[in-house]
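First the structure, in the form of structure tokens, and then the observations on it.
Because the structure is predicted, anything quoted here is derived from the model rather than measured.
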Amino acid sequence: MASEFDQYASDYEAMQKDPLRHSFSKDGTFFFERKWLLIRSYLASLGRDLSNVSWLDIGCGKGELLRLGRPEVASITGCDISTAMLELCPDIASRPMTDPERLPFPDQSFDLLTAVCVYHHVAPDGRAALTREAARVLRPGGVFAIIEHNPLNPATRLIVRRLPMDRHAILLGSWETRRWLRAAGFVSLDTTYFLYLPEKPFRMFSGLETALKRVPLGGQYAVFARKQ
């Protein structure tokens with residue numbers, strides 16, 4: 001998988017040019033903005049002071065999501081199995097993952113962990129180990145957010161089938177994601193479904209997505225959990 005994503009690194013944006021995906025966001029920035037809005041909103045609901053939060057993004061790729069949140073948090077760090085991807089974000093502190101089931105950081109290093117569209121690239125028999133690793137490097141009371149494609153959404157399944165970087169993807173539903181989190185000892189699980197609306201309608205009717213966040217049909221979902 002590492003060598004495969006190394007090959008994709010230089011042309012990653014071009015390889016994501018799917019007509020259906022393009023109808024939601026022309027350049028893809030909207031997808032990262034939506035994720036950061038959800039993460040920030042969840043932390044705010046807990047009363048967390050973002051300026052004190054140290055954040056690790058697992059499978060950070062080129063660091064787009066981390067750059068969005070960087071002005072608001074104490075520190076950002078990324079890790080990825082693809083060294084070619086990490087070379088494209090020299091402005092971000094990062095470490096390569098030589099083992100896809102092992103995070104290269106000491107115990108209790110971070111307050112916030114994210115894994116965005118990562119788990120569907122992890123072999124099913126390796127997902128439990130990666131989730132336990134997340135618990136290991138997270139501080140007590142810290143938050144782990146897993147964001148994934150929703151297999152219950154027909155448009156999502158179609159896009160995934162057509163994108164070359166997802167040709168080996170095995171989608172997982174929110175129920176499976178919650179199962180891995182509980183097994184690793186996480187608590188207070190909260191699931192939000194989103195990406196019902198393309199970028200322009202969302203700008204005008206964002207409240208509609210908020211109203212639908214418990215309906216399990218959005219293009220993607222986020223499961224937020226806390227370490228005891």
Side-chain angles (χ1 to χ4, degrees), residues 12-13 25 27-83 85-97 102-119 130-148 177 181 184-195 199 202-203 206 209-210 213 220-228:
Y12 198 73
E13 284 79 12
S25 174
D27 63 4
T29 303
F30 172 64
F31 297 119
F32 292 108
E33 290 178 354
R34 285 292 289 115
K35 293 171 177 63
W36 174 239
L37 284 173
L38 286 174
I39 294 164
R40 184 174 63 184
S41 177
Y42 180 77
L43 291 173
S45 74
L46 300 178
R48 296 292 177 88
D49 182 356
L50 286 173
S51 65
N52 294 325
V53 167
S54 59
W55 173 18
L56 169 65
D57 188 26
I58 303 167
C60 66
K62 297 162 72 172
E64 295 96 333
L65 182 62
L66 287 169
R67 291 190 189 93
L68 276 178
R70 175 162 49 190
E72 300 183 60
V73 301
S75 65
I76 59 171
T77 306
C79 63
D80 204 290
I81 61 167
S82 170
T83 55
M85 286 287 193
L86 294 180
E87 288 171 0
L88 297 174
C89 52
D91 58 315
I92 294 172
S94 62
R95 294 184 187 179
M97 294 174 63
R102 177 80 178 171
L103 297 176
F105 301 97
D107 295 357
Q108 301 185 14
S109 296
F110 303 97
D111 304 299
L112 169 66
L113 265 62
T114 52
V116 176
C117 296
V118 168
Y119 271 66
L130 179 59
T131 312
R132 289 193 298 269
E133 275 292 282
R136 180 184 64 79
V137 303
L138 195 62
R139 295 183 181 120
V143 170
F144 185 23
I146 298 178
I147 299 178
E148 273 296 332
T177 299
L181 287 164
F186 286 95
V187 297
S188 302
L189 276 62
D190 187 287
T191 305
T192 295
Y193 300 90
F194 66 106
L195 289 182
E199 182 172 2
F202 176 79
R203 304 293 186 198
S206 60
E209 283 221 352
T210 301
K213 67 180 184 178
Q220 294 185 340
Y221 65 84
V223 180
F224 297 94
R226 282 183 279 171
K227 180 177 178 178
Q228 295 191 64

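- The minimum heavy-atom distance linking Ser54 with Ser109 is given by the pair OG-O, 3.7 Å.
- Glu33 has a carboxylate O that lies under 4.0 Å from a charged side-chain N of Arg203, or vice versa, which qualifies the two as a salt bridge.
- With sequence neighbours left out, the ring-ring contact (aromatic ring centres under 6.0 Å, His included) criterion links Phe194 to no other residue.
- To the nearest 0.5 angstrom, Phe31 atom CZ is 12.5 Å from Glu64 atom CD.
- Residues Cys60 and Leu66 approach most closely at CB-CD1, 4.0 Å, considering heavy atoms.
- The backbone N or O of Val118 lies less than 3.5 Å from a partner atom in the side chain of Glu148, making a donor-acceptor pair.
- Between Leu138 atom CG and Leu103 atom CG the span is 10.5 Å, to the nearest 0.5 Å.
- Between Phe144 atom CZ and Leu189 atom CG the span is 11.0 Å, to the nearest 0.5 Å.
- Residues Pro90 and Ile92 form no side-chain contact, since every pair of their non-hydrogen atoms from C-beta on lies 4.5 Å or further apart.
- Between Val223 and the options Thr177, Asp190, Thr192, a side chain to side chain contact (heavy atoms under 4.5 Å, CB included) holds for only Thr177.
- Minimum interatomic distance between Phe110 and Trp55 (heavy atoms only, all atoms of both residues): CD2-C, 4.0 Å.
- No side-chain heavy atom of Val116 sits under 4.5 Å from any side-chain heavy atom of Phe32.
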List the steps and the verdict of side-chain hydrogen bond (donor to acceptor under 3.5 Å, both in side chains) for Ser82 and Asp80. CA-CA 5 Å; Ser82 170; Asp80 204 290; 4.7 Å; no
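- Residues forming a salt bridge (Lys or Arg N to Asp or Glu O under 4.0 Å) with Glu72 (at least two apart in sequence, or on another chain): Arg40.
- Proximity of Leu46 to Val143: side-chain heavy atoms (C-beta onward) are separated by under 4.5 Å at one or more points.
- Residues Met97 and Cys79 come closest through the heavy atom pair SD-SG, 3.7 Å.
- The two residues Phe224 and Ile39 come nearest to each other via the heavy atoms CE2-CA, 4.0 Å.
- We find that Asp57 and Lys35 are not joined by a salt bridge, their nearest charged nitrogen and carboxylate oxygen being 4.0 Å or further apart.
- Under a 3.5 Å cut-off, the side chain of Ser45 and the backbone N or O of Tyr42 do form a donor-acceptor pair.
- Taking both residues in full, the closest heavy atoms of Arg48 and Arg226 are given as NH2-CD, 4.1 Å, listed atom of the first, atom of the second, then distance.
- For the ring-ring contact (aromatic ring centres under 6.0 Å, His included) test, residues two or more places apart in sequence or in another chain that qualify with Phe202 are Phe30.
- Atom CG of Leu112 and atom CG of Leu50 lie 8.5 Å apart (nearest 0.5 Å).
- Rounding to the nearest 0.5 angstrom, the gap separating the CD1 atom in Ile146 from the CD1 atom in Ile58 is 8.0 Å.
- Rounded to the nearest 0.5 Å, atoms CG (Asp107) and CD (Glu133) are 8.5 Å apart.
- Side-chain N or O atoms of Lys227 include none that pairs as donor or acceptor with a backbone N or O of Arg139 at under 3.5 Å.
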So Cys89 and Asp91, side chain to side chain contact (heavy atoms under 4.5 Å, CB included) or not? Walk me through it. CA-CA 5 Å; Cys89 52; Asp91 58 315; 4.1 Å; yes
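- With hydrogens and angles disregarded, no donor-acceptor distance shorter than 3.5 Å links the side chain of Arg136 to the backbone of Arg102.
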